[in-house]
Amino acid sequence: MSGVPFTYCYSSLYLLKTETGRSINHQPAFLVFEFALLIGAYYMWDTANSQKNRFRMAQTGTYMPRKAFPQLPWGTLKDPKFIKTQHGSLLLTSGWWGVARKIHYTADLLMALSWGLICGFDSVVPYFYVVFFTIVLVHRVRRDMERCAAKYGADWEEYCKLVPYIFIPYVY
């Protein structure tokens, strides 16, 4: 995981170090797709993390609504659904967290993919980060699932039935 911060910039370095003045021309439809992918993934990432953090704060009585920018719609769950484990932990099963167990990782990977796509298809260098990050996250998720299964037991099995997908609904 310590190598991840050094790989964020590969797409930018690729653009910087390739032929000076070289133009990457994309069709307008591709640029619209790329923009929608990046903004949509950011929205998913931000609101998923907001839902999780605000849920935790509400459970401890520390949540205070803010009016500061940016506050994206659907960042706070009204009447969230969850499982209370035998250990007393709460597993969120609504909002983005009812769609997939690691939906914030999905958003991260989509943003990483968008950074490679905008560089074009002449080299694999801009795609190094998304490939590397995918390997890191899949390995991390596998360990997390094993740890949670051992920690929560039957509660984890119930959670996995309620939220059966890890990254992509109906796929994985």
Side-chain angles (χ1 to χ4, degrees), residues 1-19 22 24 26-27 29-53 55-56 72 74-75 82-83 85 87 89-153 155-172:
M1 198 64 171
S2 63
V4 172
F6 298 105
T7 63
Y8 289 138
C9 58
Y10 276 33
S11 299
S12 299
L13 288 173
Y14 170 76
L15 291 175
L16 178 69
K17 296 294 184 179
T18 55
E19 305 163 35
R22 180 175 71 98
I24 297 176
H26 294 299
Q27 296 296 320
F30 180 79
L31 294 174
V32 169
F33 165 76
E34 179 71 16
F35 182 74
L37 176 65
L38 182 59
I39 296 302
Y42 177 80
Y43 176 81
M44 182 191 313
W45 177 83
D46 186 82
T47 54
N49 283 308
S50 292
Q51 288 174 0
K52 176 183 64 175
N53 294 331
F55 172 73
R56 287 178 180 167
L72 297 175
W74 210 42
F82 57 89
I83 295 173
T85 69
H87 293 285
S89 300
L90 304 179
L91 302 174
L92 191 56
T93 60
S94 59
W96 285 113
W97 303 98
V99 174
R101 288 178 249 154
K102 297 293 183 179
I103 198 73
H104 60 308
Y105 289 169
T106 303
D108 263 335
L109 291 171
L110 289 173
M111 287 187 284
L113 177 62
S114 75
W115 301 335
L117 288 173
I118 201 65
C119 294
F121 303 99
D122 292 339
S123 174
V124 296
V125 172
Y127 299 93
F128 176 80
Y129 173 62
V130 71
V131 171
F132 174 72
F133 200 38
T134 300
I135 293 166
V136 167
L137 289 181
V138 167
H139 182 257
R140 181 177 183 182
V141 164
R142 187 173 300 133
R143 288 187 329 237
D144 285 352
M145 297 299 129
E146 290 170 3
R147 182 180 52 82
C148 289
K151 179 178 179 180
Y152 298 121
D155 293 326
W156 185 253
E157 291 174 20
E158 179 186 353
Y159 174 69
C160 290
K161 286 178 186 169
L162 288 172
V163 186
Y165 303 103
I166 297 172
F167 290 114
I168 304 168
Y170 307 103
V171 178
Y172 178 71

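Take Leu162 and apply the side-chain contact (heavy atoms from CB on, under 4.5 Å) test, not counting sequence neighbours, and it matches Ile83, Thr93, Glu158. For Phe128, the ring-ring contact (aromatic ring centres under 6.0 Å, His included) partners at least two apart in sequence or on another chain are Tyr10, Phe132.
Taking CD of Gln51 as the start and CG of Asn49 as the end, the distance is 9.5 Å to the nearest 0.5 Å. How far CG of Leu16 is from SG of Cys9: 10.0 Å, rounded to the nearest 0.5 Å. Trp115 contributes atom CH2, which lies 11.0 Å from atom CG of Leu113 (distance to the nearest 0.5 angstrom).
Proximity of a side-chain donor or acceptor of Thr85 to a complementary backbone N or O of Ser89 within less than 3.5 Å is detected. Between the side chain of Ser50 and the main chain of Thr47, no donor-acceptor pair closer than 3.5 Å is present.
In this pair, Tyr129 and Phe133 present their aromatic rings parallel. The plane angle is below 30°, not in the 30 to 60° band. In this structure, His26 and Phe30 have tilted ring planes: the angle between them lies in the 30° to 60° band.
The side-chain heavy atoms of Leu15 and Cys119, taken from C-beta on, include a pair separated by under 4.5 Å. Using a 4.5 Å heavy-atom cutoff, the side chains of Leu37 and Leu117 are in contact. The shortest side-chain heavy-atom distance between Leu110 and Tyr42 does not fall under the 4.5 Å cut-off. Two residues are said to be in side-chain contact when any heavy atoms from C-beta on lie closer than 4.5 Å; Ile118 and Leu31 meet this criterion. Side-chain contact between Phe55 and Leu90 is present, with at least one heavy-atom pair separated by less than 4.5 Å. Here the side chains of Met145 and Lys102 are in contact, with some heavy-atom distance below 4.5 Å. Residues Leu91 and Tyr152 are in side-chain contact: their nearest non-hydrogen atoms beyond the backbone lie under 4.5 Å apart.
For residues 33-53, there are no salt bridge (charged side-chain N to carboxylate O under 4.0 Å, His left out) pairs, not counting sequence neighbours.
In this model, a donor atom of one side chain and an acceptor atom of the other lie less than 3.5 Å apart for Tyr105 and Arg140.
Scanning all heavy atoms of the two residues, the minimum distance from Pro126 to Tyr14 falls at CG-CD2, 3.4 Å. Contact record, Ile103 with Ala48: CG2-CB, 3.9 Å, taken as the closest heavy-atom pair. Closest approach of Ala41 and Ala107 over heavy atoms only: O-CB, 3.3 Å. Summarising the geometry of Ala100 relative to Ile166, their closest heavy-atom pair is CB-O, 3.4 Å, with the distance given to 0.1 Å.
Look at Asp144 and Arg101 and you find no salt bridge, because none of the NZ, NE, NH1 or NH2 atoms lies under 4.0 Å from a carboxylate O.
Taking the six-membered ring where the residue is Trp, the centroids of Trp97 and His104 are separated by under 6.0 Å. Aromatic rings of Tyr165 and Tyr170 (six-membered ring for Trp) have centroids within the 6.0 Å cut-off, being under it.
Within a 6.0 Å radius of CZ in Phe35, other residues, nucleotides and ligands contribute 12 heavy atoms or fewer.
Residue Thr134 is tested with Val131, Val136, Val130 for a side chain to side chain contact (heavy atoms under 4.5 Å, CB included); the sole match is Val130.
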Pair Trp96-Met44, side-chain contact (heavy atoms from CB on, under 4.5 Å): steps then yes or no: CA-CA 8 Å; Trp96 285 113; Met44 182 191 313; 3.9 Å; yes
